[in-house]
Amino acid sequence: MILSVNGLKFKYPGRRVLQDIDFSVEKGDCLAILGTNGVGKSTLLKCINRILKPQSGAVYIQEDEIFKLSRNELAQKVGYVAQKHESARLTVFDAVLLGRKPYIKWDASPKDMEVTRRVLKLMELEDYSLRYLDELSGGELQKVVIARALAQEPNILLLDEPTSNLDLKNQVEVIAIIKKVVKEQQIAAIVTMHDINLAIRFADKFIFLKNGTIFEAGGVEIITPENIEKVYSVPVAVEKFNNIPVVLPL
Amino acid sequence: MKQEVSAITNSHQTGLYQQYTGRKKFVILLLALLTAALSVIAINAGSMNVSPYQVFMTLFGQRSGISDVVIWNIRLPRVLAGIIAGAGLSVAGCVMQNNLRNPLASPSTLGISNAAAFGANIAIIVFGAGSVQSSSADAVIINNPYAVTASAFVWAMVGTLVILLLARLRGFSPEAMVLAGVAIGSLFSAGTILIQYFAQDVQVAAVVFWTFGDLGRASWKEVAIMASLVILSIAYFMLKRWDYNALDTGEETARGLGVNVEKVRLEGMFVASLITAVTVSFLGIIGFIGLVGPQIIRRIIGADHRFLIPGSALMGALLLLSSDTLARTVIAPVVLPVGAITSFLGAPLFLYLLARGYQKR
Ligand SMILES: Nc1ncnc2c1ncn2[C@@H]1O[C@H](COP(=O)(O)OP(=O)(O)O)[C@@H](O)[C@H]1O
Ligand SMILES: [Mg+2]
């Protein structure tokens, strides 16, 4: 077990968001978190990454309670991509190199440079190395921030709607890359997504959130018209195409 | 074959990146050389003519006669004070702008200079540390400069602590710090006005004279204190350069990268304020360098703090030193207030760069 979330409860001042969240993730898992806008998907990822402090409950990463780790130790284990990205007057190379920050003591080591170059190549960003972030398109920037999280060489990737700005080709390619990294390096990825069909292609485990708690969790078998209708309040049909379920709104 | 091609691309990429960082290092080196060259000119300039040869001889220990005294005791401390104060104020502005995520943040916009000025007012007017004597050089003489410096420093630090404490209530959010800084600054300005309203003309004259920043106030002792502080601070800022880069990409991302955002911000603001407090207490108010120094260099070499921090320091040194040299020579023997010259030099340069936009790569 690489991550477990036990009895997590979180509220913003005056607004209850999450309660009774219990789940765990194994090495090599790709977990998709699904639910309507505002249900608390981003909040859940931030609690796992200690950006927010839950009111009760605990998160364990490989046996360590996250509040017992220093921020830097946590950043060596968890790579996080936020839903919103801010661009800065930094080059793509330097932005991805920042993913090595948890490992850098005084200056970037040859290994840090090497990892950065490898990730840039993996994400097909080599030609962008010296472009400035504030001169990139939304999709290009999204690839850069994912590359930065990969450069952290984390055990767990938390990706908050990582494909929302990508075109069809890049959506498919980026999730394929993430999936490959997860399987090859035996890490885990937790991803929130709006596109259920993309989530089905990507993930092997799913969690439906509803009213701030887990409505249903499991493998692809939980992607049923009944569950989706209850979570999203939209009637859908689920058909098989090449043995992969496809969700069609009616 | 395929392997080979990718190896070539890889080394090509590496080369390009080294070229790119090399260019930034070159700009920094150029600034350092310019500052050094300007220092020699600045030591030369003045009512007593000294040849560059004499300057070098003096600097390298071959002391001789009166020129030695002028160079060693008057001009050299002044030039060094310009370099150190310029570097300190500019690097403080650079870190404030990053920490507060606000391009307008600087030592003078955040009320710390106002607090120092208030302290000087208290010392000169309330405790009578200043009085007027007719002297051929200056119409006004401050009797007890140490009391004024101490009071300015203490009040600047009081201002800093109040700003940080107020901001703490809101989790050190950048907005809270900026707003607290502006509010505290205007509170101190109001206090200054009230004190001056009830003061005698001569006291007001003394305190206004103090407020005009003047590098000539620094002797070797002040230079040594400022130099140690500024060097230590730049070392500290350089240690945090990766954190500052991470902060530029957003607060949550920075946390995700292992940055303890509140701590980095609190320490950064404290050190930057300390530099401001010390410089202003020794030299008086020198505005604009802290705002414009980092902005100019940011437009030339980008926002990477590995280069931006040393670049800001050198840019500030160069700006203040050239302003002071101009202030001393333009209508010599009258020495103009350096703060005014700084704005005359810095503002057009800044506006030009603003209009031109960012330099490519
Ligand atoms: N900083 C905040 N303060 C108060 N409420 C917030 C804050 N951020 C998000 N919320 C609320 O918390 C709920 C969950 O938000 P979020 O986790 O972002 O939803 P999503 O599932 O769309 O990612 C929403 O109702 C949102 O309005
Ligand atoms: Mg969200």
Side-chain angles (χ1 to χ4, degrees), chain A residues 42 45-46 49-52 69-91 93-95 97-108 113-114 116-118 120-121 126-127 129-135 144-145 148-149 151-152 154 158 160, chain B residues 6-21 23-24 97-98 101 103 171 235 238-264 294-295 297-308 357-361:
Chain A
S42 302
L45 292 191
K46 287 179 198 172
N49 201 21
R50 225 176 92 186
I51 288 170
L52 295 173
L69 298 170
S70 74
R71 271 225 170 275
N72 226 33
E73 287 168 334
L74 193 62
Q76 294 180 358
K77 293 175 190 286
V78 182
Y80 170 67
V81 170
Q83 186 170 0
K84 293 181 215 143
H85 320 298
E86 292 178 50
S87 59
R89 194 83 190 151
L90 287 176
T91 59
F93 190 97
D94 291 329
L97 182 61
L98 264 184
R100 302 300 299 168
K101 210 225 134 235
Y103 303 92
I104 293 175
K105 293 282 183 300
W106 169 256
D107 207 354
M113 304 300 272
E114 180 50 42
T116 305
R117 274 193 290 275
R118 203 181 67 219
L120 285 171
K121 186 153 178 250
E126 284 164 305
D127 294 340
S129 288
L130 295 183
R131 295 268 301 274
Y132 281 107
L133 291 191
D134 56 5
E135 290 167 1
V144 173
V145 294
R148 180 173 58 214
Q152 281 174 262
L158 304 175
D160 202 346
Chain B
S6 86
I8 290 169
T9 347
N10 231 350
S11 70
H12 178 61
Q13 293 287 335
T14 315
L16 281 181
Y17 184 70
Q18 272 160 2
Q19 244 177 51
Y20 152 84
T21 48
R23 251 188 306 258
K24 298 187 180 201
Q97 285 162 17
N98 167 272
R101 317 209 61 202
M238 283 303 278
L239 188 66
K240 296 285 169 188
R241 65 203 188 285
W242 299 97
D243 298 69
Y244 298 152
N245 280 351
L247 270 180
D248 266 350
T249 65
E251 205 171 310
E252 286 179 353
T253 304
R255 274 185 231 276
L257 291 170
V259 179
N260 190 340
V261 174
E262 285 81 14
K263 183 162 175 278
V264 166
Q295 291 288 352
I297 196 72
R298 185 189 302 270
R299 279 173 171 70
I300 298 173
I301 63 171
D304 184 344
H305 285 77
R306 285 180 293 166
F307 308 104
L308 190 60
Y358 280 103
Q359 180 158 8
K360 290 286 159 201
R361 300 230 168 126

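No hydrogens or angles considered: a donor-acceptor pair under 3.5 Å links the side chains of B/Tyr20 and A/Asp94. No hydrogens or angles considered: nothing links the side chains of A/Gln152 and A/Arg148 as a donor-acceptor pair under 3.5 Å.
In this structure, the portion of A/Leu90 lying under 4.5 Å from any heavy atom of chain B is its side chain and not its backbone. In this structure, no portion of A/Ala149 lies under 4.5 Å from any heavy atom of chain B. With a 4.5 angstrom heavy-atom cutoff, A/Asn49 touches chain B only via side-chain atoms. Looking at A/Arg100, there are no atoms closer than 4.5 Å to chain B (heavy atoms on both sides), in backbone or side chain. Both the backbone and the side chain of B/Val259 come within contact range of chain A, each with at least one heavy atom under 4.5 Å from a heavy atom of that chain.
Salt-bridge check for A/Arg118 with A/Glu114: failed, with every basic side-chain N at 4.0 Å or more from each acidic carboxylate O. Under a 4.0 Å N-O distance rule, the pair B/Asp243/A/Lys101 qualifies as a salt bridge.
Of the residues considered (A/Leu74, A/Leu97, A/Leu98), A/Leu98 shows the highest number of contacts with chain B, using heavy-atom pairs under 4.5 Å. Of the listed residues A/Asp107, A/Val81, A/Val145, the one with more heavy-atom pairs under 4.5 angstrom with chain B than any other is A/Asp107. Chain A forms the most heavy-atom pairs under 4.5 Å with one residue out of B/Val261, B/Asn260, B/Asn245, and that residue is B/Asn245.
Applying the salt bridge (charged side-chain N to carboxylate O under 4.0 Å, His left out) test between B/Glu252 and each of A/Lys46, A/Lys84, A/Arg50 identifies A/Lys46 as the sole match.
Contact check for B/Trp242 versus B/His305: no side-chain heavy atoms found under the 4.5 Å cut-off.
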